[in-house]
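Following: one structure in structure tokens, then a few remarks.
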2 protein chains.
Amino acid sequence: MTTRTSTGQRGDLFAPGCPTRRLLDRLGTKWVSMVVKLLAEAAPGEVRFAELQRRMPGVSQKMLSVTLRNLSHDGLVARRVEPTVPPRVHYRLTDLGLSLENPLAALREWAEEHMVEIDTAAHRAG
Amino acid sequence: MTTRTSTGQRGDLFAPGCPTRRLLDRLGTKWVSMVVKLLAEAAPGEVRFAELQRRMPGVSQKMLSVTLRNLSHDGLVARRVEPTVPPRVHYRLTDLGLSLENPLAALREWAEEHMVEIDTAAHRAG
DNA sequence: CAGTATCCCAAGGGATACTG
DNA sequence: CAGTATCCCTTGGGATACTG
């Protein structure tokens with residue numbers, strides 16, 4: 001399993017440090033996949049906060065802010081503040097973020113191809 | 001974005017039906033990636049409930065049960081009950097589940113290669 | 001404009017006990 | 001053995017209001 005990990009060392013309890021699980025934890029939060037996709041489409045260009053919000057119907061200011069902050073914190077997204085008043089903040093994927101786009105796109109394609117089958121199965125089961 | 005969806009139709013509020021988001025919702029729950037990986041490694045063979053639990057340190061009976069039930073419900077996992085007493089229940093990935101293994105493995109590889117960089121970035125940021 | 005702060009609710013998930 | 005049922009706590013995330 002290659003459970004070499006930096007934070008959650010096996011031993012204390014069990015292994016919360018499986019990289020895949022940790023990655024999916026991050027990607028699994030509600031707005032991440034959408035933000036990453038929008039930024040990936042714009043890459044290597046940037047997208048402003050307001051533009052992201054406009055293109056993500058239903059997202060609150062708080063959650064968009066939190067999502068972007070987390071992604072920045074993880075080094076997947078870069079923030080650039082234009083020192084005007086009112087300020088404009090631009091976001092883009094870092095190289096690390098871009099490198100994630102590939103496997104993520106594969107997952108997206110799978111989802112778009114097969115979610116119908118999942119829905120069908122789920123519907124049959126009730 | 002190909003927002004054609006069966007359940008969450010755009011119109012009422014916004015679009016909660018993005019396939020990728022829905023897929024990540026499912027994969028993002030705590031034990032899914034681990035179960036899928038174990039079943040994928042055993043494919044096309046089966047794995048018993050107790051064996052899964054033994055190989056997933058920390059999982060509770062409840063959560064393993066819930067996880068497997070959800071995956072069955074979605075048509076990713078098949079359940080086979082051996083009519084003995086006490087009963088033995090065997091799980092395996094369906095064809096649909098197996099087809100997910102590919103993109104998921106790509107994501108796993110990315111995670112194992114790059115989680116260190118994420119940790120580094122997160123650590124630098126505090 | 002791009003946030004942060006506060007409040008609050010619903011869902012995820014752990015512990016424990018019980019059953020076919 | 002392989003579950004289900006109950007209880008309870010923690011987290012994700014929405015609504016609203018305020019600030020540099």
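Values below: every heavy atom of this structure, side chains too, minus hydrogens, waters and symmetry copies. Everything numeric here is computed off the predicted structure, so don't read it as measured data. Lettering follows sequence order; numbering is per chain, from 1.
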- Could you check how far CD of Gln61(B) sits from P of dT4(D), rounded to whole Å? 10 Å
- Determine: side-chain N/O of Arg48(A) to OP1/OP2 of dC1(C), distance under 4.0 Å, yes or no. no
- Item | Lys/Arg-Asp/Glu bridge criterion (N-O < 4.0 Å) met for Glu101(A), Arg108(A) | yes
- Message: Please report the distance, rounded to the nearest Å, between CE in Met63(B) and P in dC7(D).
- Response: 18 Å
- Note on the structure: Atom CG of Asp25(A) and atom P of dG13(C) are separated, to the nearest Å, by 8 Å
- Would you kindly give the CG-to-P distance between Leu52(B) and dC1(D), to the nearest whole Å? 14 Å
- Do Leu68(A) and Val35(A) come close enough that some side-chain heavy atom pair is under 4.5 Å? yes
- Query: In whole angstroms, how far is the P atom of dG13(C) from the CG atom of Leu64(B)?
  - Reply: 13 Å
- Message: Please report the distance, rounded to the nearest Å, between CG in Asn70(A) and C1' in dG13(D).
- Response: 12 Å
- Task: Would you kindly compare Thr29(A) and Arg69(B) by the position of their nearest DNA chain D nucleotide and give the one closer to the 5′ end?
- Result: Arg69(B)
- Query: Quick one: Met34(A) CE to dG13(D) C1', roughly how many Å, whole number?
  - Reply: 14 Å
- Query: Any side-chain heavy atom of Leu52(A) within less than 4.5 Å of one from Leu39(A)?
  - Reply: yes
- Query: Gln61(A) versus Phe49(A): any side-chain heavy-atom pair under 4.5 Å?
  - Reply: yes
- Task: Can you sort out which residues in residues 79-87 of chain B have a heavy atom within less than 4.0 Å of DNA chain C? Ascending by number, please.
- Result: Pro87(B)
- Task: Compare all side-chain heavy atoms of Trp31(B) with those of Leu64(B) and state whether any distance is below 4.5 angstrom.
- Result: no
- Phosphate OP1/OP2 of dT16(C): any Ser60(B) side-chain N/O under 4.0 Å: no
- Message: Could you check whether Glu51(A) pairs with Arg55(A) (Lys NZ or Arg NE/NH1/NH2 to Asp/Glu carboxylate O, under 4.0 Å)?
- Response: yes
- Note on the structure: Between Lys62(A) and Arg88(A), the residue closer to the 5' end of DNA chain C by nearest nucleotide is Arg88(A)
- Item | For atom CD of Gln53(A) and atom C1' of dA15(D), their distance in whole Å | 13 Å
- Side chain of Thr94(B), backbone of Ala78(B): donor and acceptor closer than 3.5 Å? no
- Task: Salt-bridge test for Arg69(B) and Asp74(B): reply yes if a basic N is under 4.0 Å from a carboxylate O, no otherwise.
- Result: no
- Hey, where does DNA chain D pair up into stems, meaning at least three consecutive Watson-Crick or G-U pairs with distances under 3.5 Å? C:1-20 with D:1-20
- Query: Considering all heavy atoms of both residues, which atom of Arg26(A) and which atom of Val32(A) are nearest to each other, and what is their separation?
  - Reply: O-CG2, 3.4 Å
